[in-house]
Amino acid sequence: MHKEIEKKWQQRWDEKQSFRAYNDYSKPKYYPLVEFPYPSGQGLHVGHPRPYTALDIVARKRRMEGYNVLYTMGWDAFGLPTENYAIKNKIHPAIVTEDNVKRFKEQLRSLGLSFDWSREINTTDPNYYKWTQWIFIKLFENGLAYKKEMDINWCTSCKVGLANEEVVGGVCERCGGTVVKKAKSQWMLKITEYAERLIDDLDDLDYIERVKAQQKNWIGKSTGMELDFKTTSGDVLRIYTTRPDTIYGATYMVVSPEHPLIDERKDLITNYDALMAYRAEAKLKSDFERTELNKDKTGVVIEGIKAINPASGEEIPVFISDYVLMSYGTGAIMAVPGHDTRDWEFAKAFNLPIIEVVKGGDVQNEAYTDSEEGIIVNSPLIDGLSVAEAKESIADHFEKLGIGVRKVNFKLRDWVFSRQRYWGEPIPLVSCPSCGWVALPESELPLTLPEVASYEPTDNGESPLSAMTEWIETTCPKCGGHAHRETDTMPQWAGSSWYFLRYCDPDNDQEFASMDALNYWMPVDWYNGGMEHTTLHLLYSRFWHKFLFDIGKVNTKEPYLKRTSHGMIMGENNEKMSKSRGNVVNPDDIIGEFGADTLRTYEMFIGDFEKSVPWSDNSVKGCRRFLDRVWNFADEVVPGDAFSKELEITMNKTIKKVSEDYETLKFNTAIAAMMSLINEFKKVEHINRAEYGTLLKLLNPVAPHITEELWESLGFEGMITEQSWPTFDPNKTVEDVIEMAVQINGKVRGLISIPVDADAAAAKALALEDEKIKLFTDGKTIVKEIYVPGKIFNIVVK
RNA sequence: GCCGAAGUGGUGGAAUUGGCAGACGCGCCGGACUCAAAAUCCGGAGAGGUAACACUCGUGCGGGUUCGACCCCCGCCUUCGGCACCA
């Protein structure tokens, strides 16, 4: 039954192009966006439809409200799993991708999502990645792409570079071999140049708070100063600190094991070998392991060089330790064990002096760090000042002396943009011996991936493309001389950093999208995606968008007006769904047995949309039962074009509730309200066409097929998809008389029937008539009455 | 470890955001229909307590604020997401 109905309406929507987004700029537009999937070999699992259905509900509601809606789908198809599958099975990744996309698309279509499939895009399509390459060239031309030596994970036995994910517990996931850091010259994007704006512009956006907080913390802005420490070797060690006020407590220094001073002053250092041994050890650890707070602090003192505290003039030792990273600040810190937890632990481990410079804690027992209101002590220049005052005063002092400067720092690091892989966009640059790095002219884009015999990374750490001599050898676009192509490819993040722009104008072969189309459709009105994309993808795409704004290619400084997040759907055992755990549920099975409408209803009813939730096969039935009940009522509908007196309030209330809940991600309570409405329908003599038709419209975004079918079979005009959204009369959403709880000392002891707008005196009179209330008030004195109209009446007695 | 969330019956969750905790659904129990089962329909239930009421307890744990706390504050515990080459 459901199979025929669903097929019928999916075909009819196609024929009538019901969900086509027209570039009809006279109508108000709405642009809802969901994260496009990576088409994996496993096909869709039941987690995918959750966000798609949610915004499908919004999209369908908006169309019924008269908007021109752009809701569409695409494929983020470059990536490691496809490449690894291709290597293993000796199939071209393009073919693997094609198969996966085909399967994903069939599955998505069977869900009855109202995507405009004419705008489908694929990041691996040369007509798409032409523009990804084009944007990269613009970044390069604007000085935002540069080359830098960066460490990659290197498996010493496979002799390949590994993604972080492929390094499990410090060893190679495939062969168990040792993984080390290996320096490699990589393309970097200067996202740090946008750090300030990426934080500041969040203020005007309607992102859920936790997303904003994650973005802010990831960018990690801190205000402090850079300060020079002289050394006994006659050098200057520049440190970064957010606490210049604690300078007198700096009893030692720590530099990163990679700090250049060590090699520059090799001759003065008497324990160079020990330092080198420590550096080698640190190389094996990730930054994450290095900065862990609760691990034992390790380090080696540099023998032969001491530093001089610029405030106290005392000589202090200099250590190397892995908790100081070369990539943050200046790679050197002043250590104030009295007021920094990691410094304190290090000082304890190495028996270094701990000096109290801010009053309030017991620094011999633990670092005193929450010191914003503390008073400075043991610091001749700033004694008696508050921490805030001292920061300013000492900063002024050092700036005057010319040995320090106020500095804002960010945790955010530049974006490593090179991959030594095959399945990614080729970086469209050539290296010319006389001109340096030169971008390809636009006419040579897209630079397509060459056919190679092996997609396997080479054993020298270079991309598979590096083995393609005839592809690499080229001429310099600038001087015409002999030159080499870049053989690294872009990371998968590239294609997904601008895809929402392409949806606006997907077939344009002159530009990535016309300004007309962008002016009309952008910004995205509502972007929903997983919390797991909150830091990287969201930040990268905001960065690219801001860059495109700066060069005048897009019309808004931010891509997304609103960002919400959905929870994951877990397996029935409440573990993440995965093939290896054997708890994956395939939507095809549910659609086969119960239908797409039931699956959609269940996915929306299953729980709080923003929280993760375990799948339950059993509960699916309940949603099917609900739809069956809706179906069965069709036979009992009587004529009538207005709500009956009996149902008037209920109908208005339900329209209000459902309309509001669809806007606030509360799909579960919207469906519960419609279930309650059906329960009300059972209680009354008749339901008429107005009432039933309204229910169908409210339910349509969730269960589009069955509601279309019922709409048609009852002889309503046109398709339900083309109808306008029901409205309600606010005056008819509340009952005149309500049941109010009466409390004695905060505990509910009785109920009174009272007009909603009654005053306290009326409530009191009614309450004191109540037999049960009398039991609690008789012989007691009323000391206080709290009356909240429409809510509660509380009597405090003694 | 750091950053961000979450913890409510047997179970998924709800609670107008400080005002009757457990809506709605699943599962369970009982009944109707049936030769029987399935499906469907009707009814029941947080725990303790009572013949039935009454009453007591109850939103991860321990404190606090308030007439009143799932909701606000302080201190913990557990689980989940992210940690820069998974997407």
Side-chain angles (χ1 to χ4, degrees), chain A residues 35 37-38 40 76 78-81 150 152-153 161-167 186 191 209-218 220 286-289 291-295 327 341-342 411-421 491-493 496 530-537 539-540 565 567-568 570 574-576 602 605-608 610-623 625-626 628-629 632 657 666 668-669 671-676 679 682 739-751 772 775 783-786 788 790-797:
Chain A
E35 286 166 344
Y38 175 74
S40 70
D76 188 15
F78 278 126
L80 260 188
M150 289 297 290
I152 61 167
N153 299 309
L162 299 175
N164 283 348
E165 200 196 40
E166 297 172 297
V167 183
Q186 309 255 48
I191 189 172
E209 272 314 310
R210 58 199 160 114
V211 170
K212 280 193 189 182
Q214 285 282 52
Q215 293 250 312
K216 277 186 192 161
N217 292 337
W218 184 256
S286 67
D287 289 356
F288 164 41
E289 290 165 320
T291 52
E292 238 176 302
L293 199 59
N294 73 339
K295 63 148 196 173
S327 54
T341 309
R342 282 177 301 189
K411 280 209 194 84
L412 184 68
R413 307 203 292 261
D414 277 340
W415 176 3
V416 185
F417 201 69
S418 303
R419 299 292 183 272
Q420 293 72 48
R421 295 282 177 172
Q492 156 283 331
W493 307 106
S496 61
M531 272 317 275
E532 69 273 23
H533 295 117
T534 301
T535 42
L536 299 179
H537 161 66
L539 207 62
Y540 290 155
S565 237
M568 257 196 289
M570 316 292 267
N574 205 15
E575 283 175 22
K576 206 169 170 171
Y602 177 60
F605 184 64
I606 188 168
D608 184 337
E610 303 193 71
K611 288 187 208 153
S612 69
V613 63
W615 181 263
S616 161
D617 269 334
N618 260 331
S619 304
V620 177
K621 281 186 218 152
C623 291
R625 244 176 245 170
F626 163 59
D628 284 342
R629 271 173 217 160
N632 291 334
K657 175 83 181 148
K666 293 179 166 181
N668 52 339
T669 50
I671 292 167
M674 290 186 280
M675 289 173 168
S676 297
N679 293 341
K682 275 187 230 162
E739 292 285 293
M740 181 182 282
V742 180
Q743 299 181 329
I744 305 292
N745 295 345
K747 291 203 168 169
V748 179
R749 298 297 182 182
L751 286 173
K772 251 178 85 183
L775 233 79
V783 292
K784 198 171 180 182
E785 291 157 33
I786 297 106
V788 185
K791 287 194 174 160
I792 200 99
F793 185 50
N794 186 14
I795 304 170
V796 184
V797 298

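Proteins come first, then strands; the chains are lettered A, B, ... in the order of their sequence lines, and each starts at number 1.
- In this model, the phosphate group of B/rG27 is approached by a side-chain N or O of A/K621 to a distance below 4.0 Å at OP1 or OP2.
- Distance from the side chain of A/W218 is smallest for B/rC83 among the nucleotides B/rC83, B/rG4, B/rC41.
- In this structure, A/W615 and A/Y602 have perpendicular ring planes: the angle between them is above 60°, well past the 30° mark.
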**Report entry** RNA chain B base-pair string [pairs: Watson-Crick or G-U under 3.5 Å; |: paired with another strand]
**Finding:** (((((((..(((......[....))).(((((.......))))).(((......)))..(((((..]....))))))))))))....
Just the table, please: protein N/O against nucleotides 8-14 of chain B N/O, every pair under 3.5 Å.
from: B/rG12; atom 1: O2'; to: A/I606; atom 2: O; distance (Å): 2.3
from: B/rG13; atom 1: O3'; to: A/N668; atom 2: ND2; distance (Å): 3.3
from: B/rA14; atom 1: OP1; to: A/N668; atom 2: ND2; distance (Å): 2.9

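- When each of A/Q492 and A/G622 is assigned the nucleotide of RNA chain B bearing its nearest heavy atom, the one mapping closer to the 5' terminus is A/G622.
- B/rG62 and B/rA69 are spaced 16 Å apart, taking the P atom of each and rounding to whole Å.
- Of the C1' atoms belonging to B/rU65 and B/rA14, the separation is 27 Å, rounded to the nearest Å.
- With both ends at atom P, the span from B/rU56 to B/rU17 equals 29 Å, rounded to whole Å.
- With sequence neighbours excluded, the residues satisfying salt bridge (charged side-chain N to carboxylate O under 4.0 Å, His left out) with A/R210 are A/E610.
- Within 4.0 Å (heavy atoms only), A/M568 reaches sugar-phosphate atoms of the nucleic acid but no base atom.
- Minimum atom distance to the side chain of A/N618 is reached by B/rC26, of the listed B/rC26, B/rA15, B/rG82.
- The glycosidic torsion of B/rU17 lies within 90° of 0, placing the base in the syn range.
- The side chain to side chain contact (heavy atoms under 4.5 Å, CB included) test applied to A/K411 returns A/Y328, not counting sequence neighbours.
- Distance noted for atom C1' between B/rG7 and B/rG22: 16 Å (whole Å).
- Remark: A/T669 engages A/D661 in a side chain to side chain donor-acceptor pair (under 3.5 Å) (not counting sequence neighbours).
- When the side-chain nitrogen and oxygen atoms of A/R413 are compared with OP1 and OP2 of B/rA84, none of them lie within a distance under 4.0 Å.
- For A/R625, a side-chain nitrogen or oxygen approaches OP1 or OP2 of B/rC26 to under 4.0 Å.
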N/O-N/O pairs, protein side and nucleotides 67-76 of chain B side, under 3.5 Å:
from: B/rC67; atom 1: O2; to: A/N794; atom 2: ND2; distance (Å): 2.3

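- Taking the C1' atom of each, B/rA23 and B/rG12 are spaced 13 Å apart, rounded to whole Å.
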Atom pairs, N/O to N/O, protein against nucleotides 42-50 of chain B, distance under 3.5 Å?
none

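- Scored by the side chain to side chain donor-acceptor pair (under 3.5 Å) test, A/N217 finds no partners at all (sequence neighbours excluded).
- Under the side chain to side chain donor-acceptor pair (under 3.5 Å) criterion, A/N153 pairs with A/N164, sequence neighbours left out.
- For A/D76, there are no salt bridge (charged side-chain N to carboxylate O under 4.0 Å, His left out) partners at least two apart in sequence or on another chain.
- When side chains are defined from C-beta on, A/M531 counts as touching A/V211, because their heavy atoms get closer than 4.5 Å.
- Distances from the side chain of A/I792 to the nucleotides B/rC86, B/rG81, B/rC20 place B/rC20 closest.
- Remark: side-chain polar atoms of A/Q215 are paired, donor with acceptor, to backbone N or O of A/T534 under 3.5 angstrom.
- Comparing A/N679 and A/Y540 along RNA chain B, the residue whose closest nucleotide (by nearest heavy atom) sits nearer the 5' end is A/N679.
- Applying the 90° criterion around 0 to the glycosidic angle, B/rG27 comes out anti.
- Between A/F605 and A/M675 the shortest side-chain heavy-atom distance falls below 4.5 Å.
- For B/rG4, the OP1/OP2 oxygens have a side-chain nitrogen or oxygen of A/N217 closer than 4.0 Å.
- For A/R749, no side-chain nitrogen or oxygen approaches OP1 or OP2 of B/rC20 to under 4.0 Å.
- Considering only side-chain atoms of A/T535, the nucleotide from B/rC20, B/rU17, B/rG82 that sits closest is B/rG82.
- B/rG43 and B/rC26 are spaced 14 Å apart, taking the P atom of each and rounding to whole Å.
- Every residue was checked against the salt bridge (charged side-chain N to carboxylate O under 4.0 Å, His left out) condition with A/K666, not counting sequence neighbours, and none meets it.
- Taking only distance into account, the side chain of A/H537 never meets the base of B/rA87 through a donor-acceptor pair shorter than 3.5 Å.
- In this structure, the nucleotide among B/rC85, B/rC20, B/rA84 sitting nearest to the side chain of A/V748 is B/rC20.
- The A/E532 side chain lies nearest to B/rG82 when the options are B/rC55, B/rA23, B/rG82.
- The shortest distance between the side-chain N/O atoms of A/N632 and the OP1/OP2 oxygens of B/rC41 is not below 4.0 Å.
- Taking only side-chain atoms of A/Q186, from C-beta outward, the nucleotide of B/rC85, B/rG81, B/rA84 with the closest atom is B/rC85.
- Here the separation of B/rA21 from B/rU16, taken at their C1' atoms, is 14 Å to the nearest Å.
- Residues satisfying the side chain to side chain donor-acceptor pair (under 3.5 Å) criterion with A/K772, sequence neighbours excluded, are absent altogether.
- Among the protein residues, A/S616 comes within range of no part of the nucleic acid, since none of its heavy atoms lies under 4.0 Å from any strand.
- B/rC77 and B/rG63: their C1' atoms are spaced 15 Å apart (whole Å).
- Checked against B/rA84, B/rC85, B/rA87, the side chain of A/L80 finds its nearest nucleotide in B/rA87.
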